[in-house]
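All values below were derived from every heavy atom in this structure, side-chain atoms included, with hydrogens, water molecules and symmetry-related copies excluded.
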Amino acid sequence: MKKRMSWCLMLLALLCVMENVYIPKAEAKTVVEKRLAEVKKYYPGGSRINSYVSDGEGFSGGGCNALVMFATMRIFHAPFVPYSEAYKRIGKAASTKSPGKMRSLFKKAKVGDAIQWSKAYNDTHFAIFLSSNSRGVYLYEANFHSRNLVWDKHFWAWKNMSTWPAGGADKVSVWRFKKYNQVNRKKCACNFRKGRTFTVSGIRYKVIKSGQVQGKVKVVGYEDSASKKKIPKYLYLRLTEDKEIDSYEKGYHSFSKNKNANAQVTYQVVK
């Protein structure tokens with residue numbers, strides 16, 4: 001009887017410890033998870049993000065904000081900024097002094113959602129949601145304790161939510177890209193087929209490799225000589241409301257007259 005009780009206590013202790021251990025999935029399955037995995041190749045845990053990222057409409061962010069904008073631009077092709085029309089708030093903002101309200105809020109969160117901490121009317125910190133349990137939340141974030149340092153699978157206990165960032169935060173919100181489910185549909189996530197050509201910002205590209213997460217294109221022509229100076233390293237494309245291609249690259253966005261463009265396409269430009 002004593003031996004059985006001892007084994008039960010050991011199992012209970014192990015479960016308590018495991019609750020604070022991030023157990024990654026064997027393989028990223030959804031398009032959002034795959035794209036987030038690609039983002040982490042650029043900025044793995046322990047690296048630093050020392051540049052600013054712009055949304056192309058006048059808003060630039062550094063540190064934690066830059067990492068979240070960088071990630072959401074590559075996952076959803078629309079960088080997250082507070083109260084952006086492309087994102088919706090999930091539930092209501094939860095008080096950082098109420099573990100129960102935060103647990104309920106984060107149960108609704110999905111991988112890739114943007115997390116926003118605020119104090120009064122000021123934003124204090126941003127991160128990307130990975131997972132949560134009864135004790136806290138796991139995040140992909142930057143600028144925590146060390147300037148611009150990237151943290152992957154960083155665990156925050158609910159009890160610490162109100163003590164960080166410096167000066168504290170009194171509420172936390174979850175934001176989701178409005179077309180999150182569409183991104184995960186294969187018909188929206190696949191790139192153009194190999195051999196397809198399209199034009200963006202006066203540059204004509206040809207697809208030389210297709211893929212669900214990222215394809216490769218090469219330049220095959222220009223509309224004018226000025227276009228030769230605008231070749232980007234990557235193309236992050238999406239359809240606008242009038243079905244034109246919208247391309248984000250270092251805060252620069254442009255449009256194409258191609259009406260049959262796929263809604264979610266990402267390419268590396270091969271010179």
Side-chain angles (χ1 to χ4, degrees), residues 27-45 47-56 60 66-80 112 128 140 150 152 177 179 182-240 243-271:
E27 182 181 356
K29 295 181 179 179
T30 69
V31 173
V32 170
E33 290 173 332
K34 288 179 179 179
R35 289 181 176 174
L36 179 56
E38 291 296 314
V39 168
K40 292 180 181 181
K41 292 179 181 179
Y42 285 93
Y43 291 108
S47 63
R48 293 182 186 273
I49 180 166
N50 295 313
S51 60
Y52 276 76
V53 176
S54 172
D55 68 347
S60 296
L67 185 67
V68 170
M69 291 177 70
F70 181 91
T72 51
M73 181 166 67
R74 281 152 180 77
I75 297 170
F76 306 112
H77 307 143
F80 170 78
I128 295 292
Y140 178 58
V150 175
D152 185 18
F177 184 58
K179 296 181 179 180
Q182 292 182 29
V183 172
N184 277 328
R185 294 175 188 166
K186 289 185 178 181
K187 65 179 182 180
C188 289
C190 293
N191 286 288
F192 294 136
R193 281 184 282 184
K194 185 177 179 180
R196 176 72 180 271
T197 59
F198 59 91
T199 303
V200 177
S201 304
I203 304 174
R204 192 160 184 77
Y205 300 94
K206 182 176 181 178
V207 180
I208 58 176
K209 181 181 178 181
S210 187
Q212 189 179 49
V213 178
Q214 179 176 289
K216 292 184 178 181
V217 296
K218 67 177 181 180
V219 177
V220 294
Y222 307 92
E223 289 185 353
D224 51 58
S225 58
S227 300
K228 296 181 181 181
K229 300 179 181 179
K230 298 179 180 180
I231 301 176
K233 293 181 179 179
Y234 291 88
L235 290 174
Y236 307 103
L237 312 179
R238 60 174 180 161
L239 282 182
T240 59
K243 297 185 178 180
E244 291 188 340
I245 298 179
D246 189 0
S247 173
Y248 282 91
E249 170 64 21
K250 295 183 178 179
Y252 168 79
H253 62 102
S254 57
F255 302 94
S256 167
K257 296 179 181 179
N258 190 325
K259 299 297 183 180
N260 299 314
N262 191 288
Q264 300 290 336
V265 289
T266 308
Y267 297 106
Q268 177 185 0
V269 181
V270 179
K271 296 183 179 179

Shortest non-hydrogen contact from [X] toward [Y]:
{"X": "A78", "Y": "F177", "result": "CB-CE1, 3.8 Å"}
{"X": "K206", "Y": "V220", "result": "CB-CG1, 3.7 Å"}
{"X": "T72", "Y": "P79", "result": "OG1-CA, 3.4 Å"}

So, using side chain to side chain contact (heavy atoms under 4.5 Å, CB included) as the criterion, who are the partners of V269 when residues are at least two apart?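 For V269 the side chain to side chain contact (heavy atoms under 4.5 Å, CB included) partners, ignoring immediate neighbours, are Y205, V217, V219, I231, P232, L235.
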
Sequence neighbours left out, what passes side chain to side chain donor-acceptor pair (under 3.5 Å) with R204? Give chain and number order.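 With sequence neighbours excluded, R204 shows a side chain to side chain donor-acceptor pair (under 3.5 Å) to T197, T199, given in chain and number order.
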
Ignoring hydrogens and geometry, is there a side-chain-to-backbone donor-acceptor pair from D152 to Y140 under 3.5 Å? no

Residues which pass ring pair (Phe, Tyr, Trp, His ring centres under 6.0 Å) with Y222, listed by chain and number, not counting sequence neighbours: none

Just how far is it from atom [atom1] of [X] to atom [atom2] of [Y], taken to the nearest 0.5 Å?
{"X": "R48", "Y": "L67", "atom1": "CZ", "atom2": "CG", "answer": "13.0 Å"}
{"X": "K194", "Y": "K209", "atom1": "NZ", "atom2": "NZ", "answer": "10.0 Å"}
{"X": "R74", "Y": "L36", "atom1": "CZ", "atom2": "CG", "answer": "12.5 Å"}
{"X": "E33", "Y": "N184", "atom1": "CD", "atom2": "CG", "answer": "8.0 Å"}
{"X": "Y267", "Y": "K216", "atom1": "OH", "atom2": "NZ", "answer": "14.0 Å"}

Could you go step by step and tell me if Y42 and I49 meet the side-chain contact (heavy atoms from CB on, under 4.5 Å) rule? CA-CA 9 Å; Y42 285 93; I49 180 166; over 6 Å; no

Is E38 salt-bridged to K41, going by a charged N under 4.0 Å from an acidic O?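 Here E38 pairs with K41 in a salt bridge, since their nearest N and O are under 4.0 Å apart.
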
